[in-house]
Amino acid sequence: MNYIVDDKRKLKPPPEWRSDIDFVLIREDEILTRIDEIATQLQNEYEGRDLMIVALLSGTILFLADLVRRLNLPLRIDFLGISSYGNETVSTGIKITKELKLELNGRDVLILDDILDTGNTINLTINKIANLRPKSIKTCVLLDKPARRKINIKADYTGFEIPDYFVVGYGLDFAERFRNLPFIGVLKKELYQQQIN
Ligand code: IMP
Ligand code: MG
């Protein structure tokens, strides 16, 4: 498939998800094929080096797990809890919910996030990590939603560029739900309108 996903792509959800999901944007097998390709690129970039992955919580859980098992490199993984607040689909600010544990000084750092949207989260993370004097900083995101960008920033590695939908699944949530879907999809409109408890 094309890594630029257009807004005409609306695949039928698997039967067990049809009550909540309007349509599937990216299937599980497509995600995994793309992660294979990104892993090959990272393998070439970081061959012979000692990689430090900083994964942003919580949206990267599935992406991280599928990516690192395809990397045959010496690497370490740390987590940074950074989350936007506001309502469920529009963020108005960002707070740190878990600090880094490992030493990043002199390290080759790869920041991993689920989606690059306005750019605020990645921008803040890059600035925070730059203060820790790593040897290098690169960014890798599964999804890129360029339509809503506020900060002029592009990831070094991107899985898919998507249209301006609020997406869930494969780690991404709506009100902390739906992270466990194996695919990337769009919820039915009624669900975005009501608060899900
Ligand atoms: P940014 O700071 O606006 O770039 O947004 C990044 C963060 O907002 C991501 O790490 C996600 O947690 C969240 N986010 C942005 N767009 C979506 C979406 O479509 N679905 C779920 N979460 C999203
Ligand atoms: Mg979120």
Side-chain angles (χ1 to χ4, degrees), residues 3-7 9-11 13 17 20-28 31 53-67 77-100 110-130 137-196:
Y3 302 123
I4 301 182
V5 180
D6 73 65
D7 58 7
R9 197 165 206 273
K10 294 187 176 166
L11 311 173
W17 293 107
D20 293 335
I21 301 295
D22 186 2
F23 58 89
V24 171
L25 194 63
I26 312 171
R27 297 192 313 261
E28 180 177 22
I31 297 172
I53 294 178
V54 171
L56 306 193
L57 291 173
S58 308
T60 54
I61 47 170
L62 302 193
F63 182 31
L64 175 71
D66 283 328
L67 182 65
I77 301 169
D78 201 354
F79 294 97
L80 180 65
I82 182 159
S83 71
S84 39
Y85 52 88
N87 71 32
E88 278 71 21
T89 61
V90 182
S91 75
T92 54
I94 284 172
K95 63 170 184 254
I96 301 288
T97 57
K98 188 211 160 278
E99 284 292 350
L100 293 162
L110 180 68
I111 299 169
L112 206 68
D113 202 6
D114 52 358
I115 184 165
L116 179 54
D117 187 18
T118 64
N120 286 326
T121 305
I122 287 276
N123 187 50
L124 195 129
T125 306
I126 291 173
N127 293 340
K128 183 178 168 69
I129 289 178
I137 306 178
K138 295 228 169 181
T139 52
C140 174
V141 296
L142 179 67
L143 305 175
D144 181 6
K145 202 158 47 171
R148 289 175 21 103
R149 198 78 89 249
K150 289 200 189 117
I151 290 166
N152 184 13
I153 192 168
K154 215 177 166 303
D156 297 291
Y157 299 90
T158 299
F160 300 92
E161 190 179 305
I162 63 164
D164 189 9
Y165 294 125
F166 191 87
V167 291
V168 296
Y170 200 73
L172 291 102
D173 72 303
F174 170 65
E176 297 302 328
R177 301 257 179 205
F178 304 105
R179 294 195 196 274
N180 57 320
L181 308 194
F183 52 82
I184 303 284
V186 174
L187 290 177
K188 290 187 171 169
K189 280 202 182 62
E190 341 44 293
L191 278 129
Y192 288 120
Q193 277 141 23
Q194 75 196 46
Q195 176 65 43
I196 302 172

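Every number for a ligand or one of its atoms is a count from 1 in the order of the listing. Everything numeric here is computed off the predicted structure, so don't read it as measured data. Throughout, numbering of the chain's residues begins at 1 and tracks the sequence.
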Does some non-hydrogen atom of [X] fall short of 4.0 Å from ligand 1?
{"X": "F174", "value": "no"}
{"X": "R148", "value": "no"}
{"X": "G59", "value": "no"}
{"X": "D173", "value": "yes"}

Nearest heavy atoms of [X] and [Y], plus distance in Å:
{"X": "F183", "Y": "E28", "result": "CB-N, 4.1 Å"}
{"X": "L11", "Y": "L25", "result": "CD1-O, 4.4 Å"}
{"X": "K154", "Y": "T139", "result": "O-OG1, 4.1 Å"}

Numbering the atoms of ligand 1 from 1, which are under 4.0 Å from a heavy atom of [X]?
{"X": "D113", "answer": "10 (O)"}
{"X": "Y165", "answer": "19 (O)"}
{"X": "N120", "answer": "2 (O), 4 (O)"}
{"X": "D117", "answer": "1 (P), 3 (O), 4 (O), 5 (O), 15 (C), 16 (N)"}
{"X": "K145", "answer": "16 (N), 17 (C), 18 (C), 19 (O)"}
{"X": "G119", "answer": "1 (P), 3 (O), 4 (O)"}

Query raised in the report: Side chain, backbone, both or neither: which part of I115 comes within less than 4.0 Å of ligand 1 when only heavy atoms are counted?
Result: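 It is both backbone and side chain that touch ligand 1.
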
Query raised in the report: Applying the side chain to side chain contact (heavy atoms under 4.5 Å, CB included) test to D113, which of L143, V141, L142, I82 qualifies?
Result: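 For D113, the side chain to side chain contact (heavy atoms under 4.5 Å, CB included) test succeeds with only one of L143, V141, L142, I82, which is V141.
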
Query - N/O separation below 3.5 Å, V167 to ligand 1 - result: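 V167 vs ligand 1: N/O contact under 3.5 Å present.
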
Report task. Can you figure out which of I82, T118, L143 has its heavy atom closest to atom 3 (O) of ligand 1? Result ->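 It is T118 that holds the nearest heavy atom.
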
Query - Proximity winner for atom 10 (O) of ligand 1, if only heavy atoms of D114, D144, T121, L187 are counted - result: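 Minimum heavy-atom distance to atom 10 (O) of ligand 1 goes to D114.
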
Side chain to side chain, [X] and [Y], heavy atoms closer than 4.5 Å:
{"X": "V168", "Y": "I21", "answer": "yes"}
{"X": "I153", "Y": "I126", "answer": "yes"}
{"X": "T97", "Y": "L57", "answer": "no"}

Query raised in the report: Does a salt bridge link D144 with R149, judged by any charged N lying under 4.0 Å from a carboxylate O?
Result: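 Judged by the 4.0 Å cut-off on N to carboxylate O distance, D144 and R149 do form a salt bridge.
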
Requested in this report: Assign the ring pair F63 / Y170 to parallel, tilted or perpendicular, where the plane angle (0 to 90°) is split at 30° and 60°.
Outcome: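 Plane angle between 30° and 60°, so tilted.
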
